[in-house]
Engineer: 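Encoded as structure tokens, here's the structure I'll be asking about.
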Amino acid sequence: MPPPSPATKEAPPRVVNQLTDLQQAVAQARQAGRKLGLVPTMGALHEGHLSLVRRAAAECEATLVTIFVNPTQFGPQEDFSQYPRTLEADLQALSEVGAGLVYNPSRESLYPAGFSTYVDPPHVALRWEGEHRPQHFRGVTTIVLKLFLLAQADVAFFGQKDYQQACVIARMVEDLNVPIRVCVCPTVREPDGLALSSRNRYLNPEQRCRAQGLWNSLRAACQCVERGERDAAAILGQMREVLFENGISRIDYVALVDPQTLEPVARIDQPTQALVAAWVDQTRLIDNLRLEPRNPTGRKL
Ligand code: PAF
């Protein structure tokens, strides 16, 4: 893997497709004692991904980005075949943010004929996305563990936008003693609050406008808590109302959960994660926000 230098930061990354080339590059980086950062992606890169790569490049001496649309995390009726594949634009964007190496494998090299071993995801995967996308997290834990084993990185970077995914991966790393640190980085948003997502590309201008409803519902939850509302049912009702007002009627879930266990809470007496998953016509979007109740003196509880 090329050593980092001001020049490398602006140079196109080296792209490898073969497992053996990846393993060789990783071995070189490890021999040279470089701290290695891994940013797993499915491509269709946006500012959210690029913020992860920048963070990796700032914290690590070598950065590996993987681009692989992982078939096992998509359900049979989901958008695997439609998922945007924009390799050329992705590489161009990566050349500007300091990614030294890109691993872009074929499906066959990661899932060869006869592949049949999967990682059973932890308990935190059961609710929410787990309920609405059966097998999704099994596909995520399987591919992420494979990438962790291949990359042997010191740190892996994930976005907070996929909050449950980040919890699932952190738990898997802990449970299976995987020698890697998981770093979860803030969600990047459009000026109107919409969380960046590769799936935003599916939205036409009118749908894009309605998609803001997810952020509006989270903001409404935050405002309820700021006004002193502590009853989860009342806040969830408010979140649903805001989604409807924004023209979003197909809601997979709105939830107020313990940030670690993702179990629902009845009262917001502690920091709580608000989660939302909803459809704008054919496009499914998710988002989340931490709610921090304060006591009467204004201190966070
Ligand atoms: O968040 C994603 O893009 C994917 O779920 C991941 C982590 C790259 C695994 O395919």
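Counting begins at 1 with the first residue of the sequence. Indexing begins at 1, ligand by ligand and atom by atom, following the structure's order.
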Engineer: Which residue owns the protein heavy atom closest to atom 1 (O) of ligand 1, what's the atom, and how far is it?
Structural biologist: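 Scanning the protein heavy atoms, the shortest distance from atom 1 (O) of ligand 1 goes to Gln165 NE2, 2.8 Å.
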Engineer: Nearest heavy atom to atom 9 (C) of ligand 1: which of Gln73, Met42, His49 does it belong to?
Structural biologist: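 Shortest heavy-atom distance from atom 9 (C) of ligand 1: Gln73.
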Engineer: Under a 4.0 angstrom heavy-atom cut-off, which atoms of ligand 1 come close to Ile143?
Structural biologist: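 The atoms of ligand 1 under 4.0 Å from a heavy atom of Ile143 are 9 (C), 10 (O).
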Engineer: Does a side chain donor of either Thr72 or Tyr118 reach within less than 3.5 Å of an acceptor in the other side chain?
Structural biologist: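 Thr72 vs Tyr118: no donor-acceptor pair found between side chains.
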Engineer: Are Phe68 and Leu147 side-chain neighbours, meaning at least one heavy-atom pair lies under 4.5 Å?
Structural biologist: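 A side-chain contact under 4.5 Å is absent here.
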Engineer: Does only the side chain of Ile169 get under 4.0 Å from ligand 1, or the backbone, or both, or neither? Count heavy atoms.
Structural biologist: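 Answer for Ile169: neither.
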Engineer: So does Arg189 pair up with Asp287, basic N to acidic O under 4.0 Å?
Structural biologist: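 Salt bridge present between Arg189 and Asp287.
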Engineer: Any carboxylate oxygen within less than 4.0 angstrom of a Lys/Arg side-chain nitrogen, looking at Arg54 and Glu47?
Structural biologist: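 Glu47 and Arg54: salt-bridged.
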